[in-house]
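Source: prediction; values computed, not measured. For ligands, and for the atoms within them, numbers begin at 1 and follow the listed sequence.
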Amino acid sequence: MGKQINVALIGNPNTGKTSVFNQLTGLNQQVGNYPGITVEKKEGICKLPNNVKAHILDLPGTYSLNASSLDENVVIELLLNKNDKDYPDVAVVVSDVENLKRNLLLFTQIKDLEIPTILVINMADRMKRKGISLDIKQLEKELNTRIALVSARKKQGIEELKEHILNYRHISTEPCLNASVMDPPYFDRLRNAFPNQSLYKLWLVITQDVNFGNVNRNNILNNQDFVTKDEGTLKRMQQKETILRYQFINGVLKKALTIDVNAAKGLRASFDRILTHKVWGYVIFFGILLLIFQAIYDWSSYPMDFIDSTFVLFSELAKQHLPAGSFTNLIAEGVIPGLGGIVIFIPQIAFLFLFISILEESGYMSRVVFLMDRSMRKFGLSGKSVVPLVSGTACAIPAVMATRNIENWKERLITILVVPFTTCSARLPVYLIIIALVIPEKSFLGFNLQGITLMLLYLLGFVMAIFSAWVLHKILKIKSKSYFVIEMPNYKMPIFKNVGLNVVEKTKAFVLGAGKIILAISIILWVLASYGPGEKFENAEEIVTSKYSETFLPQTELDNQIASYKLQHSYIGNVGKFIEPAVTPLGYDWKIGIAIVSSFAAREVFVGTLATIYSVGSDEEETIKSRMASETNEVLGGPLFTFASGISLLLFYAFAMQCMSTLAIVKRETNTWKWPVVQLVAMTAIAYIAALAAFQALS
Ligand code: GDP
Ligand code: MG
């Protein structure tokens, strides 16, 4: 087998690169990140005729080679670096037949790098409706390359594209534009100073105001034999270059493209008017969101219940069939529930991304972004932050993953950092039990006080998210300028393959990327709760049994007492007692301390842990509640759960980052531990201060 052909897919955003990529590679694809940065890297393998294989790289969308964003830097850096293992043997520029003129600008730039460059004209299925006709033969001659007229939707032209890739060696590498016409004497000097380099490559390196990791710009700028020009002059030359390119393109298209204007229809414009309307736009968007979340809640509850009971069953089977001992306990109580804790998220993630990619594919999402962008931008967010923020009310994990299509890194990071403030469903069990304990069941102006409290907590989450976004926007010094153009692509029926592959990819990313960390932390937490230092833990059973030897206790009652005693003297129990001085000012005791520590795994664990400590079975909700109500505060006297300590706890859970899975996914999405650690520390600090202030003010 010979060497693989390296292919790079390049093109403006929304021209269908990923769709073409999906058609070429199918499931043979993987998604990662470019080293050191969080720009998504999609690559895959494509089988060509004659048993040849091609390695396909789906590069981020870019308008031109004049870098303005992180994504575009990736493209330029690759194309300027012959030593990169992904350096393309052949570039495939994907263009949209409806926007050929603008798309060809990038094509001419790539071709001028003297890389064989195939042109894909995609969305051929729309030509008839739009009255577009093309003379492909003529166009091939004018552009001096091979062209594939493709419809990724209808799977047309893909085989032809594969043929072109296979025969890439026959493609001319003659530039479209002779760069030196911009300023002949200047380019002559450039050529003399660096005789072995492509002229356009040199020009690109000179004019980029960024330094690339792999290209030493200073070598050129500080060369003795070559004096470049001042910045203003270079800018003007760049503008001249763009004008020259468009002149070339206009000339080409005049010969090969005709558009029958009468064929285009005006339906799109009226849709746009409604969907981006100041009132109706919001009404429709929130209506759609409501439907989506209803569906996610309803539909995923079935697979989630199933997953839950399946893993319980596995644990029981493991206990029955493996020899009793600590290894079996580890498997049955640590590993299997840990795995269950990962798999349980899959339905929500899959459903959310099913809907998101349908909205994106159909072209609707661009209208939402257009609608929301201006107001979100004031807070350092983007129009695209709306979906993650709203998704956060279900679960922060898919929400963090949904930030991927925010191009601007700063906006994306801020969204990731603030999403965990929105009230996710894991907070509900904690909220509900504490509200039931400390908020009277009265009505206020005809509204139920408990209901109002819950609503205020949701509101608080949102307000906190927006507010911290604004603060981060002010303090984060991240340069990520992007000349963001909101594209308004046409409305389309979603391509099923794209939607399916996206769902598979997101689910895989979660399981493989965050799953490891979640599993590891849940095993650690289990060990800490199941083992303890010293005699008391060792001999828990005898101690408790002998304590109750006089009184007759039913076996389950006795078991509950033993479990409680063990947990109190486990490592986690000791941590809980250790932090008691820190949580006393918030109105808590060491038992709540233990519950807080162990609910770091997931917030909903709080209630179950308290149930164990209070030695009641965790499925008897009324018992837990009455047990909590009768607890007394050993330091201050009186009941432990008062209005003051209850509000303090509610605020703590509203703000604290009590979720290892979210930390794991943030690590995966930001590619570093820095941001999850910042998040953990900052959110815990905010939670602590808010809880402290509330307790001290109210008690
Ligand atoms: P990318 O941003 O370049 O990766 O573009 P995508 O592959 O995400 O496609 C952008 C939009 O164009 C999506 O809504 C696709 O469904 C749609 N699309 C892609 N290829 C075709 C095509 O051949 N015909 C039509 N009508 N739509 C397409
Ligand atoms: Mg894409």
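Residues Phe510 and Phe345 place their aromatic rings such that the two centres sit under 6.0 Å apart.
Taking 2.8 Å as the criterion, Thr18 counts as a coordinating residue of the Mg ion (ligand 2), since one of its N, O or S atoms falls below it.
Using a 4.0 Å cut-off between charged side-chain N and carboxylate O, Arg146 and Glu160 make no salt bridge. A salt bridge links Arg367 to Asp272: one of the charged nitrogens lies within less than 4.0 Å of a carboxylate oxygen.
Interface atoms of ligand 1 facing Ala152, defined by a heavy-atom separation under 4.0 Å, are 20 (N), 22 (C), 23 (O). Close approach to Thr18 involves these atoms of ligand 1, each under 4.0 Å from a residue heavy atom: 1 (P), 4 (O), 7 (O). Distances below 4.0 Å separate heavy atoms of Arg126 from the following atoms of ligand 1: 26 (N).
The protein non-hydrogen atom at the shortest distance from atom 24 (N) of ligand 1 is Asp125 OD1, 2.7 Å. The protein atom (non-hydrogen) at minimum distance from atom 28 (C) of ligand 1 is Met123 SD, 3.7 Å. At the top of the distance list for atom 2 (O) of ligand 1, counting protein heavy atoms only, stands Asn14 N, 2.8 Å. The shortest contact between atom 14 (O) of ligand 1 and any protein heavy atom is with Glu361 O, 2.6 Å. Looking from atom 27 (N) of ligand 1 to the surrounding protein, the closest heavy atom is Lys492 CD, 3.2 Å. Here the protein heavy atom with the shortest distance to atom 21 (C) of ligand 1 is Asn122 ND2, 3.8 Å. Among all non-hydrogen protein atoms, the one lying nearest atom 25 (C) of ligand 1 is Arg153 NE, 3.4 Å.
For the pair Arg245 and Tyr200, the cation-pi test (distance below 6.0 Å, angle within 45°) is passed.
Of the polar atoms of Ser19, at least one N or O is found under 3.5 Å from an N or O of ligand 1, judged by distance alone. Residue Ser362 has no N or O atom closer than 3.5 Å to an N or O atom of ligand 1. The shortest N/O to N/O separation between Gly16 and ligand 1 falls below 3.5 Å.
At most 12 non-hydrogen atoms from other residues, nucleotides or ligands lie less than 6.0 angstrom from CH2 of Trp299. Within a 6.0 Å radius of CD1 in Ile136, more than 12 heavy atoms belonging to other residues, nucleotides or ligands are found.
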*Begin with the C-alpha distance, continue with both residues' side-chain angles, and end with the deciding distance and a verdict on side chain to side chain donor-acceptor pair (under 3.5 Å) for Gln29 and Asp58.*
CA-CA 10 Å; Gln29 49 173 269; Asp58 181 15; over 6 Å; no
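In this structure a side-chain-to-backbone donor-acceptor pair under 3.5 Å is missing from Lys492 to Glu361.
Side-chain contact annotation: Trp203 with Glu241, donor-acceptor N/O pair under 3.5 Å present.
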